[in-house]
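Here the structure is a predicted model, which is why all the values come from computation and not from measurement. In what follows, chains carry the letters A, B, and so on, assigned in the order in which the sequence lines appear, proteins first and then strands, with residues in each chain numbered from 1.
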There are 2 protein chains.
Amino acid sequence: MTALERALADAEQAGIKRNWMQVGDLLIHYARFGRGRPLLLLHGWPEFWLVWRPMMERLGDQFDLIAPDLRGFGDTGKPSSEPDPTATADRHADDMLGLIDGLGLRRFGLVGGDVGAYVMQAISHRAPERLAGAFYFSTPYPGMGARTAAPGRLTEVWYQYFQQLPWAAQLVGTTRQSCHLYLQYFLTRWSGDNPAVFADMLDVYTGNYMKPGNLQGGFDWYLSAGPARRAAQEGTLPKRPPITVPSRMLWGKRDPLFPIEWADRLGEYFADYSIDFVEAGHFVHAELPEQAAREVRAFFQSRQF
Amino acid sequence: MTALERALADAEQAGIKRNWMQVGDLLIHYARFGRGRPLLLLHGWPEFWLVWRPMMERLGDQFDLIAPDLRGFGDTGKPSSEPDPTATADRHADDMLGLIDGLGLRRFGLVGGDVGAYVMQAISHRAPERLAGAFYFSTPYPGMGARTAAPGRLTEVWYQYFQQLPWAAQLVGTTRQSCHLYLQYFLTRWSGDNPAVFADMLDVYTGNYMKPGNLQGGFDWYLSAGPARRAAQEGTLPKRPPITVPSRMLWGKRDPLFPIEWADRLGEYFADYSIDFVEAGHFVHAELPEQAAREVRAFFQSRQF
């Protein structure tokens with residue numbers, strides 16, 4: 001039994017159910033736990049649904065927690081065997097709204113970060129009437145602008161460009177060891193250089209990303225998001241009206257990807273938001289699951305859905 | 001016999017001699033061919049001395065061609081087993097002047113590109129009285145400025161940042177295949193997407209870079225040059241007086257790294273230069289060896305040394 005298989009069996013043992021649903025061209029895999037008001041949990045890169053297990057177990061008494069693998073990730077399908085430049089935030093939003101519809105749900109809450117945060121913003125623009133609120137751990141947003149590509153930032157963001165190359169997945173996936181080396185770097189560095197956060201999970205993540213197509217599936221995000229990312233950096237991204245969905249951010253003070261100063265323009269993009277800065281890196285939900293769950297509970301307890 | 005061993009044996013058969021010289025902390029490997037006025041040929045990344053073979057054979061009737069492996073590259077030493085941030089252009093210049101001194105030479109000419117071009121500029125500032133001239137194929141220079149880090153350029157320059165990471169060499173060197181995949185991309189893309197230029201040499205280059213320490217040795221350049229690169233992008237690099245050494249550039253029109261528009265500020269950095277744009281990519285010396293050799297001959301024939 002591999003580390004991934006053990007982790008999945010263990011999650012099942014804890015009562016987390018896993019299912020698949022066909023939505024358009026995509027077979028979406030999702031995990032589900034608890035009962036109550038529905039929350040859709042959206043992971044980032046290099047994560048997959050399992051990153052939400054600590055949150056699911058803490059919130060299952062009051063919420064119906066639905067944690068899908070995004071298009072290309074985990075056990076969700078990868079419709080293209082080639083690098084796929086069409087997996088944009090809007091397309092992920094379509095997938096997710098299709099999943100929610102297929103589950104027969106109307107109003108729901110969003111929780112997520114990183115890639116998930118882009119998808120949350122796309123859903124917030126598309127279907128604000130469906131959303132009880134949105135809770136962000138790590139919040140990339142267009143207001144970061146040119147700062148993400150400043151000369152001093154390039155040692156942090158190079159992977160966003162490398163991962164657009166058609167041979168990048170082949171290089172990283174040369175062996176289990178090379179994949180492990182690659183993921184370990186990001187999972188450790190982005191956890192504020194705290195190697196303990198994902199220490200027990202490195203083999204699990206490696207197992208997940210070594211599944212056929214999963215490295216490319218994750219890299220497809222960077223290929224697909226590339227044009228919008230560049231437009232945001234160049235200041236040419238068409239400006240949408242601010243998001244009206246009530247939004248809350250917990251922003252890690254030690255996130256090497258998103259310095260806290262970059263929260264300064266959230267008000268231009270979110271009409272109704274609150275933010276707190278916490279003692280964590282990029283993966284607030286994995287680094288501080290207790291505090292994160294408490295905050296998510298408090299935020300959604302006060303909302304109607 | 002490996003492809004690399006065959007290529008070296010073949011070069012020896014053609015009369016190219018290989019030698020080593022201890023210069024300070026460094027055992028420098030260099031190849032030598034021909035007789036006449038001395039020209040020091042300085043390779044870039046991901047090259048090594050052998051890239052000069054076509055030029056050496058074409059110019060040996062009139063010149064003493066000396067093609068070293070730079071610190072960390074090829075069969076030259078790598079004094080540190082760890083990533084080494086001290087292999088700056090100035091340090092490479094020290095190494096090269098030490099080699100020339102050790103050979104008992106006084107005045108010489110410089111020919112090179114890419115990393116070699118940085119070293120040539122450092123030598124030109126340090127010891128202009130030693131130089132009969134400098135001939136550049138691909139000319140990175142500080143006047144490129146912020147343009148090298150513009151958002152639209154990041155899919156080209158990501159490797160300059162990735163290669164600064166302490167685990168990058170391990171990832172690329174996971175297997176011969178992964179190293180081959182990596183080098184093939186750069187050698188092909190930078191040859192104006194002409195796969196024929198290095199087609200016969202890919203196994204040779206892979207053999208060279210899979211030698212212990214050679215991937216890291218090359219990556220040390222990016223680690224060492226990082227601060228100056230950032231300063232040039234941010235406009236904070238102290239401006240030196242223009243280089244007075246007579247300089248000539250052949251600039252590839254299809255070089256994906258250095259668009260021809262970026263030649264516009266050469267006059268601020270070179271007091272005495274001429275330039276022509278040619279039908280090539282980044283590796284003018286490898287792509288157009290006949291024309292390149294003819295131009296080098298003409299340039300140095302008219303100089304005193």
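Counting heavy-atom pairs under 4.5 Å between each of B/Q177, B/Q233, B/R229, B/E156 and chain A puts B/Q233 at the top. Note: B/R230 leads B/E234, B/Q164, B/R230 in heavy-atom pairs under 4.5 Å with chain A. When each of B/V157, B/T174, B/V172 is scored by its heavy-atom pairs under 4.5 Å with chain A, the top score falls to B/T174. Chain A forms more heavy-atom pairs under 4.5 Å with one residue of B/T148, B/L181, B/T175 than with any other, namely B/L181.
Checking B/Y222, B/F162, B/Y159 one by one against A/W158, the ring-ring contact (aromatic ring centres under 6.0 Å, His included) holds for a single residue, B/F162.
How far CH2 of B/W167 is from OH of A/Y182: 6.0 Å, rounded to the nearest 0.5 Å. To the nearest 0.5 Å, atom CG of residue A/L154 and atom CD of residue B/Q160 are 9.0 Å apart.
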